[in-house]
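To find a chain, count down the sequence lines: A is the first, B the second, and so on, and within it residues start at 1.
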Amino acid sequence: MPHDLPKAYEPGAIEARWAEYWIKEKLFSVPTPPPGETRPVFTLLLPPPNVTGRLHMGHMLNQTQMDIIVRWHRMRGFLTLWLPGTDHAGIATQMMVERQLAKEGKKRSDLGREAFIERVWEWKRHYGGAILDQMKRLGASVDWDREYFTMDENLSRAVREVFVRLYEEGLIYRGKYIVNWCPRCETAISDLEVKHEEVPGKLYEIRYPVIGSSEFITVATTRPETMLGDTAVAVNEADERYRHLRGKSVLLPLMKREIPIILDELAKPEFGTGAVKVTPAHDANDFQAGLRHNLPQIEVIDEHARMNENAGVYARLDRFVARERIVEDLQAQGFLVGVKDYVVPLGKCDRCGTVVEPRLSTQWFVKIKPLAEHAIEAVEKGEITIVPENYKQIYLNWMNNIYDWCISRQLWWGHRIPVWHCGKCKTMVVAREAPTKCTNCGSADLQQDTDVLDTWFSSGLLPFTTLGWPEKTRDQEVFYPTALLITAYEILFFWVARMIMFGCHFMAGHHQDPLIKQASGWADKKDDSVPFRNVYIHALVRDAERQKMSKTKGNVIDPLEIIEQFGTDATRFTLAAMAAPGTDIAFNESRTEGYRAFANKIWNVARFMFMNLDRVEASLRPALAGSETRPHMGVAGFEPTTLEDRWILSRFNRVARDVASELEDYRFHEAANGIYDFFWGEFCDWYLELIKPRLNSADAAEVRTACGNLVSLFEAALRLLHPIMPFITEEIWQAIYEGRPPVKSIALAAYPQADEKQIDLAAETDMAVLQDLIVSVRNLRAELKIEPKMRVPIEIYAHGNGTRALIEQNRGAVERLATVEKLAFVESSLAKQTGARSTARFDLHVVYERKIDVETERKRLRRDLEPVEKEIQNKESQLGKEQFVAKAPAHVVEGLRKRLEELRILRDKLKRQLDELG
RNA sequence: GGGCGCUUAGCUCAGUUGGUUAGAGCGCGUGCUUCACACGCACGAGGUCGCAGGUUCGAGUCCUGCAGUGCCCACCA
């Protein structure tokens, strides 16, 4: 065993070494089990980070939580598969490479599509692994042999299969619709990729002259440049103000075009003048109204957000320049009625922040309602459980109000749409593989659709495509549905909802291997088409000021820097300890500093243990390490011979029991805090201190037992902690076995399972009395300003059952931990003395010859007495109420009575002491 | 416009189905070179649980209103 451990724990090298070992030994690789497998299975899909990504706190939190759950299951004997991979991230990656090209003074069009895509692959080969390398540093226990990339050939084939099937089922259609257009990215983007902001702007009121009348109709707009494309003015049928103008037309200013006045619900009488301009080509609402009234669609803004040839004299102007020019001209010609300050809702591109332009264009859509139905049902019926529960309602609201999904993107990087257009007859050939001739006319003049699919289209398929779909594989029988998905709220709609829709649709009729389903605890679930049984939505990590981290704000905390500074274990522990479900995490470095100290504490327990083991004959040590008896579900080879032994064993089992239920409910913070308090507050502060005399005993057998117990309990505690702090626990655990561990890694050892029989209430209450006594002496010593090293005599009057025997038996502990000599028992209550403390179980007197300032002492007694009297009053009035006694549960009333009794005894003692002082 | 959170010690946060004395870490004060650990040990100070009502024998916890604050969704010119 190591003799020369450094005093302070240095995580850097140790963590790197084990991370590498785990991967090299393929400890987390899961081969496909043959039929007949009866182990429970736990599958989890890593939400694929973008290939362009760098690890941020969100990933770190997400992966820490996943790794905790995954390691926990693995140690409990689940066949545990955690599938890693990366997403090709269409726009993000393309932008990255375009930026690179820009530095060379080139554009993607200079290269051409093929060369550009080759360039992206090259980029991916070079830099795409960065985020996974960072993951390895975190110790994420994923199966690296199954790593995927969303554009791998097999996954791409599955994407084409899905597209073709949906098309054949009539669930994919192509059409000219208003879409959100990003002029910078030059592509359509989905509704979800538009971020809405409210910014101060202007509302322009423009009057349109009514033809054949001297009247005007005034309309309002925040985007005056769109008026060039107006093809009607709408008023509401119920609006009496415009009754006389029905059937008439107006002359569109600047364009001198005659456009009709129509009656449409689009116009709300209560808003402004009640009249609204209609621009079907540049506004989603107007588009719908245009369809209702068969209006022409006149496009005036092009894909670069410049005015086009339909815009007359404004052609080629940027939309915002045109806006100013048009407003000036309207003013000059007397059509501008007014300009008001107005808060304008503005849609911006999620990626680049450019103001999105609603634009008419031909795109591919998924008809979403039929897919949503099953996806709604799966959640409503509890086939999928979403935690925290409030997200369930958010999910259902969204799914019930869902619009068709625009899936085409005018990008080059991505899954190209598997549709070929015939140059001759214009037929669209939708096919799994590139066709050689047109299915309609036989022409070989076929051009593949230039668009690619939205990234989320392919990632929405991952739960089954990573398991070999569309082939029917054994992997699917075993690992699908996955057990759990842990992810951030932000992608609930982008990704989670789509996975549910696709999973329910394409895996309908799928049945998980019944043996495995049963063993994994899913017997009550009816629907095996769902992509996962549970979804846990984790919180957002914010900075210490609760601000959302963002690059533009410059408040991003780099997890790698934190890791560098404090270690991965400490960082993981921080995130776990702060991750209460449903609330955001304000990341605070001082916490991580504290958990580094925790790692250091554990390290020093190891040093202490090894130091003591050195005193035992070498031949006995392997037996103490317990290679024969471990791995074991609980604490192996522990022989409780003393109160502290029974107590720590009880505490350990209680904590193990609590941790199990806390992790079951994703209450990471409670599990983490529970282990922390046990390790530091109980195991280190009390148990280790209490057993020191035994470790130093002259009796070899006693030393041997004490050492054995120490190793045994510490080893079990390491396993308990391992899912949260994998590195330090592995390091010490391996050291305990001197290079000959019973299994290759602590990660494969058994997770401690609570043994109810070892929970010992009597030991816990006895120990509490002892602790109370020791703390009381220390407290009095401090108050009396007694020299730290000076051993003082104490007197104790013990009452209550067995209190005296208890203290007698543990006299040595009290004397040592409280620096006491001559612990004496007296036969009557110790009311007289100063330097005294009373509790329900004992009166304590520290015998110390020192001039007591009577006044100070009186003050102290009064200060002690006050809250006691207050509480007594409280309890008395409470118990005096008939209602309370009648209605409150018996144990509450009983508890109150007991407490009151104790308080009364205490009060009497304090009062007598006060009287004695005069 | 709709929806959802948050407000507890100086700071950052816990506190599941209402139940006896509201907790932690950091920070703060006092004292300790105690032979595992100063990334430590011992002892301590510090809270009208945002405000106002209500339900209840009992409210940090449930309800209503108000005030701050944050987020998400939304095609109102």
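- The separation of B:A59 from B:C51, taken at their C1' atoms, amounts to 16 Å, rounded to a whole angstrom.
- At B:A24, none of the side-chain N or O atoms of A:His669 fall inside 4.0 Å of OP1 or OP2 (strictly under the cut-off).
- The side chain of A:Lys692 places no N or O atom within less than 4.0 Å of a non-bridging phosphate oxygen (OP1 or OP2) of B:U34.
- Rounded to an integer number of Å, the gap from A:Phe494 CZ to B:C72 P is 11 Å.
- Distance CG (A:Leu203) to C1' (B:C76): 11 Å, rounded to an integer number of Å.
- Among the protein residues, A:Phe287 comes within range of no part of the nucleic acid, since none of its heavy atoms lies under 4.0 Å from any strand.
- Ionic pairing of A:Arg904 and A:Glu876 is present here: one or more N-O contacts between side-chain nitrogen and carboxylate oxygen are shorter than 4.0 angstrom.
- Note on A:Glu689: a base of the nucleic acid sits closer than 4.0 angstrom, heavy atoms only.
- For the pair A:Leu896 and A:Lys268, nearest-nucleotide mapping onto RNA chain B gives the more 5' position to A:Leu896.
- Comparing B:G15, B:A36, B:A24 against the side chain of A:Arg591 picks out B:A24 as the nearest.
- Summarising the geometry, the separation between CG on A:Leu492 and C1' on B:G3 is reported as 14 Å, rounded to the nearest angstrom.
- The gap from the C1' atom of B:A9 to that of B:A22 amounts to 11 Å, rounded to the nearest Å.
- Between A:Glu205 and A:Val339 there is no side-chain heavy-atom pair separated by less than 4.5 Å.
- With C1' as the reference atom, B:U20 and B:C66 are 33 Å apart, rounded to whole Å.
- Counting to the nearest Å, the P atom of B:C71 and the CD1 atom of A:Ile491 are 20 Å from each other.
- The side chain of A:Lys195 lies closest to B:C73, out of B:C73, B:A77, B:A36.
- If you check every strand for non-hydrogen atoms under 4.0 Å, A:Leu688 touches a base.
- When the P atom is compared between B:A45 and B:G10, the two are found 15 Å apart, to the nearest whole Å.
- If you measure from atom CD of A:Glu265 to atom C1' of B:C76, you get 13 Å, rounded to the nearest angstrom.
- The CD1 atom of A:Ile394 sits 9 Å away from the C1' atom of B:G5 (whole-angstrom rounding).
- At least one side-chain nitrogen or oxygen of A:Arg667 sits closer than 4.0 Å to the OP1 or OP2 atom of B:G15.
- A:Asn696 contributes a side-chain N or O that, together with a main-chain N or O of A:Lys692, makes up a donor-acceptor pair within less than 3.5 Å.
- Salt bridge present: A:Glu357 and A:Arg223 bring a charged side-chain N and a carboxylate O closer than 4.0 Å.
- For A:Tyr391 and A:Tyr489, the gap between ring centers is short of 6.0 Å.
- Atom CD in A:Glu894 sits roughly 15 Å away from atom P in B:U20 (whole-Å rounding).
- When heavy atoms are screened at a 4.0 angstrom cut-off, A:Ile178 is found touching no nucleic acid atom at all.
- For the salt bridge (Lys or Arg N to Asp or Glu O under 4.0 Å) condition, the pairs that include at least one residue of residues 563-579 of chain A, sequence neighbours left out, are A:Asp67-A:Arg572.
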Please write out each protein N/O paired with an N/O of nucleotides 39-48 of chain B under 3.5 Å, distance rounded to 0.1 Å.
| residue | atom | partner | partner atom | Å |
| --- | --- | --- | --- | --- |
| B:C39 | O2' | A:Asn600 | ND2 | 3.0 |
| B:C39 | O2 | A:Arg596 | O | 3.3 |
| B:G40 | O3' | A:Lys601 | NZ | 3.1 |
| B:C41 | OP1 | A:Lys601 | NZ | 2.7 |
| B:C41 | OP1 | A:Trp680 | NE1 | 2.6 |
| B:A42 | O3' | A:Arg778 | NH1 | 3.2 |
| B:C43 | OP1 | A:Arg778 | NH1 | 3.3 |
| B:C43 | O3' | A:Asn779 | ND2 | 3.3 |
| B:G44 | OP1 | A:Asn779 | ND2 | 2.5 |

For this session: Go through the steps to decide whether A:Thr385 and A:Lys392 satisfy the test side-chain hydrogen bond (donor to acceptor under 3.5 Å, both in side chains), and finish with yes or no.
Result: CA-CA 8 Å; A:Thr385 308; A:Lys392 175 180 173 181; over 6 Å; no
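- For the P atom pair drawn from B:A24 and B:C39, the interatomic distance equals 23 Å after rounding to whole Å.
- As rounded to whole Å, 12 Å separates atom C1' of B:C37 from atom CD1 of A:Ile728.
- Mapping A:Thr221 and A:Asp677 onto RNA chain B by nearest heavy atom places A:Asp677 closer to the 5' end of the strand.
- Nucleic acid contact class of A:Tyr395 (heavy atoms, under 4.0 Å, all strands): none.
- Among the nucleotides B:G15, B:C72, B:A77, the one closest to any side-chain atom of A:Glu670 is B:G15.
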Exercise. Does the pair A:Arg781 and A:Thr819 meet the rule for a side chain to side chain contact (heavy atoms under 4.5 Å, CB included), with working shown?
Worked result: CA-CA 9 Å; A:Arg781 295 177 60 101; A:Thr819 325; 3.6 Å; yes
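- Taking the six-membered ring where the residue is Trp, A:Phe679 and A:Phe683 present perpendicular rings, their angle passing 60° and hence far from 30°.
- In this structure the side chain of A:Ile537 never reaches within 4.5 angstrom of the side chain of A:Tyr666, judged on heavy atoms.
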For nucleotides 57-62 of chain B, which of its nitrogen or oxygen atoms have a protein nitrogen or oxygen under 3.5 Å away, and what is each distance?
| residue | atom | partner | partner atom | Å |
| --- | --- | --- | --- | --- |
| B:C57 | OP1 | A:Lys887 | NZ | 2.1 |

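- Annotation: ring-ring contact (aromatic ring centres under 6.0 Å, His included) contacts of A:Phe493 (sequence neighbours excluded): A:Trp398.
- Stem regions annotated for RNA chain B: B:1-7 with B:67-73, B:10-13 with B:23-26, B:28-32 with B:40-44, B:50-54 with B:62-66, counting only runs of 3 or more consecutive pairs of Watson-Crick or G-U type with both contacts under 3.5 Å.
- With both ends at atom C1', the span from B:C71 to B:U64 equals 24 Å, rounded to whole Å.
- Between B:C13 and B:G60, the distance separating the two C1' atoms is 15 Å to the nearest Å.
- In this structure, A:Gly681 reaches neither bases nor backbone, as no heavy-atom distance under 4.0 Å exists between it and the strands shown.
- A distance-only check finds no donor-acceptor pair linking the side chain of A:Asn779 to the backbone of A:Val775 [under 3.5 Å].
- Scored by the side chain to side chain contact (heavy atoms under 4.5 Å, CB included) test, A:Pro253 finds A:Tyr208, A:Pro209, A:Met227, A:Leu330, A:Phe335 as partners (sequence neighbours excluded).
- For the C1' atoms, the distance from B:U12 to B:U48 is 23 Å, rounded to whole Å.
- A distance-only check finds a donor-acceptor pair linking the side chain of A:Trp603 to the backbone of A:Pro6 [under 3.5 Å].
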